[in-house]
Amino acid sequence: MSDRLRTVLGPLDLSAPLLTAAGCGGSGRELAQFFELSKLGAFVTPSVTLRPRAGRPTPRVAEAPSALLTAMGLPGPGIEGFLDRDLPWLAEQDVPVVVSLAGDSAEEFGELAARLRGAPGVAAIEVNVACPNVEDRGRMFSRHPRSAASVVRAARAGAAPGTPVLAKLAPDAADLANVALACVDAGADGLTLINTVEGMAIDTTTLRPTLTGVSGGLSGPAIRPIALRCVYQVHAALPDVPIVGVGGVTSGLDALEFLLAGASAVAVGTTLFHDPGAVPRILRELEEALAARRLGRVADAVGLAHKPAGYVPPLAGIDVPPPAAPAEPELKETLP
């Protein structure tokens with residue numbers, strides 16, 4: 001992997017800035033059929049719950065313009081099944097593993113984080129703060145600074161010392177920067193922005209909601225402008241906090257936009273459902289885009305959109321070819 005693509009996400013030193021988004025890479029075995037997982041900066045697991053879950057009944061997926069609408073209900077084997085079957089396999093794949101956690105209460109997040117202590121291959125924990133809080137009439141933790149902080153604090157207390165904790169936030173908080181600050185104050189080492197946007201679809205044949213869960217999470221290219229706005233705003237408020245940008249990444253230029261907005265790494269999600277081999281292509285396109293803009297490394301692009309016009313980042317010792325010299329004007333002989 002080129003040194004140009006190395007990036008730092010808090011205490012994590014990643015060989016590439018591209019991750020999978022939680023739930024979009026399966027257990028990892030599915031993607032490994034299309035490319036070596038070691039090409040990723042990190043593999044993010046589906047959200048792991050305390051007990052096995054079957055998820056919502058079908059239909060739980062619907063297409064939307066330039067997007068996908070899902071209401072899966074977090075299906076999965078539970079923490080015991082994950083530790084017995086999925087994590088040991090991932091630990092052998094030469095890729096950092098970020099374990100996504102989901103719970104109905106702050107206490108469940110703490111218990112899940114504690115169950116990961118000593119488990120092989122866990123590079124970091126991502127807490128899905130967009131889960132519904134059953135103790136607060138089902139409202140999502142991420143909508144309120146205090147409830148979001150309670151989840152991060154519980155996970156931080158349960159996790160092994162030194163294990164980074166990322167907080168994954170939804171975009172529909174009244175003041176997202178304030179929620180992000182509360183999570184950082186509670187012990188988050190970084191943030192993942194954003195989770196899906198709440199939406200719905202109605203079947204005009206049955207005249208009823210398309211999804212059995214009525215509403216679901218909207219993902220894909222349609223939400224990229226929202227995700228970029230969130231990353232930009234939070235980076236402006238908390239410039240020293242590492243951010244993973246998520247939302248509609250389909251190309252290297254999409255990934256570059258997130259870096260420029262302030263993300264230190266980028267996760268690809270919905271694209272993997274129709275192009276499971278997209279990761280090597282996106283990395284190649286990103287490296288070419290950095291070189292074309294004379295950016296020596298990923299860090300030179302992070303937050304560049306916040307800099308004043310005319311700012312030129314240092315090249316940091318990376319060999320970047322100089323721009324071609326202008327052609328000499330052709331001299332034409334004039335007759336006397």
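Positions are given from 1 along the sequence.
At least one side-chain heavy atom of Glu287 sits less than 4.5 Å from a side-chain heavy atom of Leu5. With contacts defined as side-chain heavy-atom distances shorter than 4.5 Å, the pair Met72/Val61 qualifies. Side-chain contact between Pro17 and Leu286 is present, with heavy atoms from C-beta onward closer than 4.5 Å. Here the side chains of Val8 and Leu12 are not in contact, with every heavy-atom distance at 4.5 Å or above. In this structure the side chain of Leu19 never reaches within 4.5 angstrom of the side chain of Val266, judged on heavy atoms. Between Val234 and Ile243 the shortest side-chain heavy-atom distance falls below 4.5 Å. With contacts defined as side-chain heavy-atom distances shorter than 4.5 Å, the pair Arg29/Leu90 does not qualify. You'll find the side chain of Thr45 stays beyond 4.5 Å of the side chain of Asp86, heavy atoms only.
With Thr20 contributing its side chain and Phe43 its backbone, the two residues share no donor-acceptor pair below 3.5 Å. Remark: side-chain polar atoms of Asp203 are not paired, donor with acceptor, to backbone N or O of Arg208 under 3.5 angstrom. Judged by distance alone, with hydrogens and angles left aside, the side-chain atoms of Arg85 form no donor-acceptor pair with the main-chain N or O of Gly81 at under 3.5 Å. Judged by distance alone, the side chain of Arg4 and the main-chain N or O of Leu295 form a donor-acceptor pair under 3.5 Å. Of the possible polar contacts, none joining the Glu30 side chain to the Gly26 backbone as a donor-acceptor pair under 3.5 Å is found. The backbone N or O of Ala159 sits less than 3.5 Å from a side-chain atom of Arg117, completing a donor-acceptor pair. Although no hydrogens or angles enter the test, the distance criterion places no donor-acceptor pair under 3.5 Å between the side chain of Glu36 and the main chain of Ala32.
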Apply side chain to side chain contact (heavy atoms under 4.5 Å, CB included) to the pair Leu290 and Arg297, showing each step before the final yes or no. CA-CA 7 Å; Leu290 292 170; Arg297 57 182 184 172; over 6 Å; no
Using side chain to side chain contact (heavy atoms under 4.5 Å, CB included), reason through Ile194 and Val246 one step at a time and then give a plain yes or no. CA-CA 5 Å; Ile194 57 174; Val246 192; 5.6 Å; no
Should Met140 and Asn195 be marked as a side chain to side chain contact (heavy atoms under 4.5 Å, CB included) after you check the CA-CA gap, both sets of side-chain angles, and the distance that decides it? CA-CA 12 Å; Met140 291 193 298; Asn195 210 313; over 6 Å; no
What verdict does the side chain to side chain contact (heavy atoms under 4.5 Å, CB included) test give for Val197 and Asp172, after you've listed the backbone C-alpha separation in whole Å, the side-chain angles of each residue and the deciding distance to 0.1 Å? CA-CA 7 Å; Val197 179; Asp172 52 359; over 6 Å; no
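A chain of hydrophobic side-chain contacts below 4.5 Å, direct or via other Ile, Leu, Val, Met, Phe, Trp or Tyr residues, connects Tyr311 to Leu256. Grouping the Ile, Leu, Val, Met, Phe, Trp and Tyr side chains by contacts below 4.5 angstrom, directly or via other members, places Val268 with Val97. Note: the hydrophobic cluster containing Leu181 also contains Val241 (ILVMFWY, side chain heavy atoms under 4.5 Å, direct or indirect links). Hydrophobic clustering places Val298 together with Leu260 (ILVMFWY residues linked when any side-chain heavy atoms are closer than 4.5 Å, directly or through intermediates). Val48 and Val98 fall into different hydrophobic clusters, where Ile, Leu, Val, Met, Phe, Trp and Tyr residues are linked whenever their side-chain heavy atoms come under 4.5 Å apart, directly or through other members.
With rounding to the nearest 0.5 angstrom, the CG atom of Leu116 is 4.5 Å from the CD1 atom of Ile79. The CG atom of Leu193 sits 6.0 Å away from atom CG of Leu176, with the distance rounded to the nearest 0.5 Å. Distance check, rounded to the nearest 0.5 Å: CZ of Arg60 to CG of Leu69 gives 13.5 Å. Within the model, atoms CG of Leu18 and CG of Leu283 stand 5.0 Å from one another, a figure rounded to the nearest 0.5 Å. We find the CG-SG distance between Leu272 and Cys24 to be 6.5 Å, quoted to the nearest 0.5 Å. Rounded to the nearest 0.5 angstrom, Arg56 CZ and Leu74 CG are separated by 8.5 Å.
In the displayed structure, Asp84 atom CG is contacted under 6.0 Å by more than 12 heavy atoms of other residues, nucleotides or ligands.
Between Val44 and Ser100, the closest heavy-atom pair is CG1-CB, 4.4 Å. Thr250 and Pro221 get closest at one heavy-atom pair: CG2-CG, 3.8 Å. Of all the heavy atoms in Ala263 and Val231, the pair that sits closest is N-CG1, 3.7 Å. What you find for Ala155 and Val127 is that their closest heavy atoms are CB-CG1, 3.5 Å. The shortest non-hydrogen separation linking Leu9 to Ala265 is CD1-CB, 4.4 Å. Contact detail for Thr270 and Gly220: the closest heavy-atom pair is OG1-N, 3.5 Å.
Ser264 and Thr7 share no side-chain donor-acceptor pair at under 3.5 Å. Between the side chains of Thr271 and Asp275, not a single donor N or O lies within less than 3.5 Å of an accepting N or O. Side-chain polar atoms of Thr192 and Glu126 form a donor-acceptor pair below 3.5 angstrom.
Checked for salt-bridge contact, Arg51 and Glu80 miss the test: no charged N lies under 4.0 Å from a carboxylate O. A salt bridge between Asp13 and Arg6 is present, with a side-chain N of the basic residue lying under 4.0 Å from a carboxylate O of the acidic one. The pair Glu285-Arg281 meets the salt-bridge criterion, since a charged nitrogen lies less than 4.0 angstrom from a carboxylate oxygen. One finds no salt bridge joining Arg229 and Glu257 here, because no Lys/Arg side-chain nitrogen approaches an Asp/Glu carboxylate oxygen to under 4.0 Å.
Screening residues 231-282 for ring pair (Phe, Tyr, Trp, His ring centres under 6.0 Å), with sequence neighbours left out, gives Tyr232-His306, His235-His306.
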